[in-house]
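Below, all heavy atoms of this structure are taken into account, side chains as well, without hydrogens, waters or symmetry copies.
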Amino acid sequence: MRFLRERRKLTQEQLSTILGVNRIKYTNLENGKTKSPHMEDYLKLSSYYRIGIDTLLKVDLSKIGELKLRELEGGDDIYIKGGNIRVVAITVDRDNRENIEYVPVSAKMGYSSGGYADPEFIKNELPKYSMPNMPRTGSFRTFTGQGDSMLPIPDGSDITGKYIEDWSRLPPRTAAVVVLKAEQDLVFKFVTIREDGTVLLESLNPVFEPYTVQINEIAEIWQFYCFTCRQIPEPQTDLNIVLRELKDLRSAVIDK
C-alpha cells in the first residue's frame with residue numbers, strides 16, 4: 001500500500017480522502033496494524049489502483065518492474081481478467097479447427113473500436129477462411145494494410161499475423177499488426193516493448209518517423225506471419241538502402 005501510494009506521490013491524508021476512509025484507519029491499514037481489515041477496504045483499494053485484490057495481497061509490486069505495473073494499471077491484471085494470459089475471440093470450422101478471420105477495410109473501425117473482444121462481432125461480421133501449410137499451433141488473423149508506411153509491402157496487401165499473448169517476450173523490432181484502442185486503428189509496424197511502459201512503433205518505410213504509445217493503449221498484437229497482394233513489390237532503390245543503413249547505424253550508436 002505504501003509503495004503504490006508513494007508511486008502516485010500522495011500523502012496518507014490525501015489518499016484516505018480519495019478512498020473515503022478515516023485517516024487513522026488508513027494509516028493502520030498501511031502499517032499493518034489492523035488485524036482484520038474489512039473487505040470493503042480491500043475493494044476500495046482495488047478499485048482505485050485498478051489492481052485485483054489477490055494481486056494486492058500476494059504480489060510484491062515493488063519488484064515486478066515498471067512495465068508490468070503499467071500493464072496492471074491499464075487493466076491487464078490477471079486476477080481481474082480471470083486468467084494469466086490475454087484471451088482472443090476465435091471461430092472454428094465444422095471439424096473444430098480454428099478459422100483465419102479476415103478483417104477487411106470495411107470492418108476495420110468496428111474491429112478496433114471493440115469488436116476485437118466481441119465474440120459475436122468476430123462470428124458474424126468477419127469472413128473466415130483457411131490456408132494450407134499453416135502451423136498447427138497458434139491463432140491467426142488477416143488484416144488489410146493501408147498506406148505508404150508499409151512499403152516495400154504494397155498498399156492494400158493482406159497481412160496475416162499470429163496472436164501474441166505475452167508481449168514481454170517479443171524481440172525488439174518485431175513486425176506486427178497492432179490494434180490500438182485509443183486511436184481505434186490498426187497499424188503494421190516494427191514493435192519494440194520498452195521497460196518504461198511505452199511501445200516504440202516504427203514503419204517499414206524509413207521515410208515515416210517512429211512514434212511511441214503507452215502499453216495500455218494497445219488491445220492486441222499479431223506477429224507478422226506472411227502477406228499476400230496482387231502487385232509485385234517495388235525493388236529497393238539505392239537511396240532506400242542507404243537510408244536504412246544510416247538508420248541502423250544511428251540506432252546502434254544510440255544503444256551504445
| query | Would you say the side chain of L4 lies within less than 4.5 Å of the side chain of L56, judging by non-hydrogen atoms? | reply | yes

| request: From the options K25, R23, E30, select the one residue that forms a side-chain hydrogen bond (donor to acceptor under 3.5 Å, both in side chains) with T27. | output: R23

| message | Does any part of the side chain of D148, heavy atoms only, come nearer than 4.5 Å to the side chain of F208, both counted from C-beta? | response | yes

| Parallel, tilted or perpendicular for F188 and F224, by the 30°/60° rule? | tilted

| remark: With sequence neighbours left out, the residues meeting ring-ring contact (aromatic ring centres under 6.0 Å, His included) with Y225 are F140

| Whether D95 side chain and R97 backbone form a donor-acceptor pair below 3.5 Å | no

| Are V177 and V187 close enough that some pair of their side-chain heavy atoms sits under 4.5 Å apart? | no

| task | Taking atom CD1 of I24 as the centre, report whether more than 12 heavy atoms of other residues, nucleotides or ligands fall under 6.0 Å from it. | result | no

| task | Give a yes or no answer on whether the side chain of K128 reaches the backbone of K123 with a donor-acceptor pair at less than 3.5 Å. | result | yes

| said: If you count heavy atoms of other groups shown closer than 6.0 angstrom to CD of Q214, is the number above 12? | reply: yes

| Just by distance, do the side chain of T174 and the backbone of P171 share a donor-acceptor pair under 3.5 Å? | yes

| remark: Those residues at least two apart in sequence (or on a different chain) that pass side chain to side chain contact (heavy atoms under 4.5 Å, CB included) with Q14 are L10, T11

| What's in the same ILVMFWY side-chain cluster as V105, cut-off under 4.5 Å, chained through other members? | none

| said: So, using ring-ring contact (aromatic ring centres under 6.0 Å, His included) as the criterion, who are the partners of Y26 when residues are at least two apart? | reply: none

| said: I'd like to know whether E101 forms a side-chain hydrogen bond (donor to acceptor under 3.5 Å, both in side chains) with Y111, so could you lay out the CA-CA distance, the side-chain angles of the two residues, the decisive distance to 0.1 Å, and finally the verdict. | reply: CA-CA 11 Å; E101 293 86 13; Y111 184 90; over 6 Å; no

| said: A quick test of your reading: do over 12 heavy atoms of other residues, nucleotides or ligands sit less than 6.0 Å from CG of N133? | reply: no

| field | Residues forming a ring-ring contact (aromatic ring centres under 6.0 Å, His included) with Y49, sequence neighbours excluded | value | none

| Nearest-0.5 Å distance, CE of residue M150 to CG of residue L204 | 8.5 Å

| message | Is there a side chain to side chain contact (heavy atoms under 4.5 Å, CB included) between V191 and W167? Walk through the geometry before answering. | response | CA-CA 10 Å; V191 178; W167 300 347; over 6 Å; no

| query | Are the side chains of Y129 and P127 in touch, meaning some heavy atoms are under 4.5 Å apart? | reply | no

| query | Checking side-chain hydrogen bond (donor to acceptor under 3.5 Å, both in side chains) for the pair D158/T142: CA distance, chi angles, key distance, verdict? | reply | CA-CA 6 Å; D158 291 331; T142 300; over 6 Å; no

| How about L15 and M1: do any of their side-chain heavy atoms sit closer than 4.5 Å? | no

| Are side-chain heavy atoms of S139 and K162 found at a separation under 4.5 Å? | no

| task | Would you mind listing every ring-ring contact (aromatic ring centres under 6.0 Å, His included) that reaches into residues 4-24, with sequence neighbours excluded? | result | none

| said: Using the rule given for side chain to side chain contact (heavy atoms under 4.5 Å, CB included), can you reason through Y163 versus R141, listing the C-alpha separation, both sets of side-chain angles and the distance that settles it, and then say yes or no? | reply: CA-CA 8 Å; Y163 184 69; R141 192 155 291 167; over 6 Å; no

| Under 4.0 Å between a Lys/Arg side-chain N and an Asp/Glu carboxylate O for D185 and K108? | yes

